[in-house]
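Just so you know, residue 1 is the first one in the sequence shown, and it goes up from there. All ligand and atom numbering here is 1-based and tracks the order in the structure.
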Amino acid sequence: MKRKSPQVIAKSLSDKIKNPLFENVVADGPYVNVFLNKEVVSVNTIKTILQAGDNYGTQKIGNGKNIVIDFSSPNIAKPFSMGHLRSTVIGNAIANLVEKCGYNAVKINHLGDWGTQFGKLIAAYKLWGDEKRIKQKTITELLNLYVQFHKEAEHNTSLEEDARLWFRKLEDGDEEAHSLWQWFRDESLQEFSKIYELLDVHFDSYQGEAFYNDKMEGTVNKLKENQLLSISEGAEVVTLEEYAYPPCLITKSDGATLYATRDLTAAIYRKEEYHFEKALYVVGHEQSLHFKQVFSVLEKMGYEWAKGMEHIPFGFILKEGKKMSTRKGKIVLLEEVIIDAIALAKENIENKNPHLENKEDVANMVGIGAIIFHDLKNERQNNVEFSLEDMLRFEGTTGPYVQYTHARACSILKKRNIEENVEEVKGLDDPYSWHVVKSLMEFPTIIEKSYYQSEPSYIAKYLIDLCQDFNKYYSHVKILNDDGQQQNRLSLVKSVTIVIKEGLRLLGLKAPEKM
Ligand code: ARG
C-alpha cells in the first residue's frame, strides 16, 4: 500500500469502508468523503441517549482513581470574596466533570485558618471584642476588629508585639488562644456554610492550613535531609534558580512557617492519604508563581508524583471594569448578592408565569443558576463582568435561557405520553432535527474536552448551541402533529431534556421542569 499514490489509496479505502451509519463513501482525489446516513444516525443517537439516560456521555478514563481538587478555600474571619466564589463554582464543575470521566473526586476546602493575622485578631478581640456582636455578625465584626487593630497599631507599637505573642501562644497550643481561634473558625465556617448550602456545593474535607501545623516539622526536616535549605537574611529558603523562579520561603527568621510550607506539607499529606493520580488547585491566577514554586520544590525533593499537580487559574470578577472584592471599604457580602439574584429571578417569574407552583424553589434554582452559568460560560482565564440584570435574562447566553429551554421541552412531553419503547424509534425527516441530533452526538466529546482542559465553559457554550438548535426545531416543526412521526419527534425532545439536564448538572445548575 505504501508506495501507491494517495489518490489510489483513497479510492481503495472508499471501496472498503462499509458501515450502516454511512450513506455514501466516495474518493475525491487524495481524500475520502463520508456521507452520514441521517436517518440511521439519528435513530442510533436517540436510542443511545434514551437507553443511557443521565449516563449518556459518561467516560471511563479514570478507572476509579482519585483526583484531589483543592477549591473555594476562603480565609476565616474574612468575607467570602468574589474570587472565592469563582473558585467554588469552577472547582465544583471540574469535580463533576472528573467524576463523569470515571475518577473519584476528593473535594478539599483548604481553609485559610492559620497565620500571624490570627495573633492580631485575638489581640484585638481581647482589647475591644464583644461576644454578642460577633455571634450576630461574625465576619463583619471580625473584619472590624482587624481593621481597628491596623489603625491603632500605626501609633501604638506595642500592639504588634502583643499580636506576635498571641500567635506564639496559638502555635504553642495555649488554651485561651486556641479556644478563641476555634470559636472564630466555627463561626466563620457557619457563615460560609450558608453560601455552600445555597450553591449546593459540598466538600469531603475542610482540613485547612491549621491542620498541617504539627506536620510542618516533618517537611522542614525532609528539606534539610535533602540539603535543599539555604539561609537568606535569617530565613530558610529553597532556591529555584534552575527554574528561573525566586526562592521559595520555608521558615521566617523567627522560625514561623509560611503559606508555601503549609502547601508543601498538605501535598505530601494528600499523596499519602489519597494516593491521588492528579491534584488540582483551583485558585486565582495571581497565585501562579506560588504554585510554580511549590510544585518545583516537590520535584526537587524527588517526588515523581509532583508531575500530577496542576494549578487551575482563573481571572477576576469585575464590576464596571474594576475588581469587585471591596467597594470603598464597604464589603460586598456574597450571601447578599445571591439573595438579590434570587429576588430578581422571582420578579422575572412573576412577570412571565404568575401561576407557577413552587415559585420560591424555582426562583432559587434560576437565581443561583444564573450566577453560576454567568461565571462558567467564558473561558476561566478571562475576567468576568458582574451584572445581575445580564445574567438573569431569559434570552441570550444565560443560565435561565438554558433552564427555560429545558422547561419548554419538558412541557411538550407533559402534553403527550411518550412510549418508552426505544426499539420503535425511527428516523426523522425534517432538516431541523438533524442539527439537534448532530448537537446531541457531540456531548460525549465535549465532556472529554472540558475534562482534559479543566474548562467547564465548553459545556456551557455547548448547552447554548444545543438550546439554539432545539429552539429552531421547536419553532419550525409541529412536534405534536398527529402524523406517524409524532413519537419519533417526542423521543428527540426527550433526548434533548436528558442532555440539557445532565449538562446543567455538570456545571452545578438545577433544571426545573416548569418555569
Ligand atoms: N486561602 C487562600 C486565599 O484565599 C487560597 C488557598 C488555595 N489553596 C491552596 N492550597 N493554597 O488566597
Which ligand 1 atoms are under 4.0 Å away from a heavy-atom of [X]?
| X | value |
| --- | --- |
| F291 | 9 (C), 11 (N) |
| H84 | 3 (C), 4 (O) |
| Y281 | 10 (N) |
| Y259 | 2 (C), 5 (C), 6 (C), 7 (C), 9 (C), 11 (N) |

Would a distance-only check, ignoring hydrogens and angles, find a side-chain to backbone donor-acceptor pair under 3.5 Å from [X] to [Y]?
| X | Y | value |
| --- | --- | --- |
| T261 | T257 | no |
| N378 | N383 | no |
| Q59 | K100 | no |

Protein heavy-atom partner closest to atom 8 (N) of ligand 1 - residue, atom, separation in Å
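The closest heavy atom on the protein side is D70 OD1, 3.1 Å.
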To check your reading of the model: name the closest protein heavy atom to atom 1 (N) of ligand 1, its residue, and the distance in Å.
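Heavy-atom neighbour on the protein nearest atom 1 (N) of ligand 1: N75 OD1, 2.7 Å.
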Answer yes or no: are there more than 12 heavy-atom neighbours, outside K215 itself, under 6.0 Å from its atom NZ?
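Counting neighbours around NZ of K215, more than 12 heavy atoms of other residues, nucleotides or ligands fall under 6.0 Å, so yes.
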Examine [X] together with [Y] and report whether their ring centres are nearer than 6.0 Å.
| X | Y | answer |
| --- | --- | --- |
| Y281 | F295 | yes |
| F118 | F167 | no |
| Y401 | F373 | no |

Can a non-hydrogen atom of Q287 be found less than 4.0 Å from any atom of ligand 1?
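A heavy atom of Q287 does come that close to ligand 1.
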Is F71 close enough to touch ligand 1? Criterion: a residue heavy atom under 4.0 Å from a ligand atom.
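Contact check F71 vs ligand 1: negative.
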Option of least heavy-atom distance to atom 9 (C) of ligand 1 (set: E209, H110, E286):
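Selected option, by shortest heavy-atom distance: H110.
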Structural part of L111 in contact with ligand 1, heavy atom criterion under 4.0 angstrom
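The answer is neither; L111 stays 4.0 Å or more away.
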At under 4.0 Å between heavy atoms, is it the side chain or the backbone of F80 that contacts ligand 1, or both, or neither?
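Neither; no heavy atom under 4.0 Å.
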Test side-chain contact (heavy atoms from CB on, under 4.5 Å) applied to V68 and V98, N104, V106, the passing residue:
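By the side-chain contact (heavy atoms from CB on, under 4.5 Å) criterion, V68 pairs with just one of V98, N104, V106: V106.
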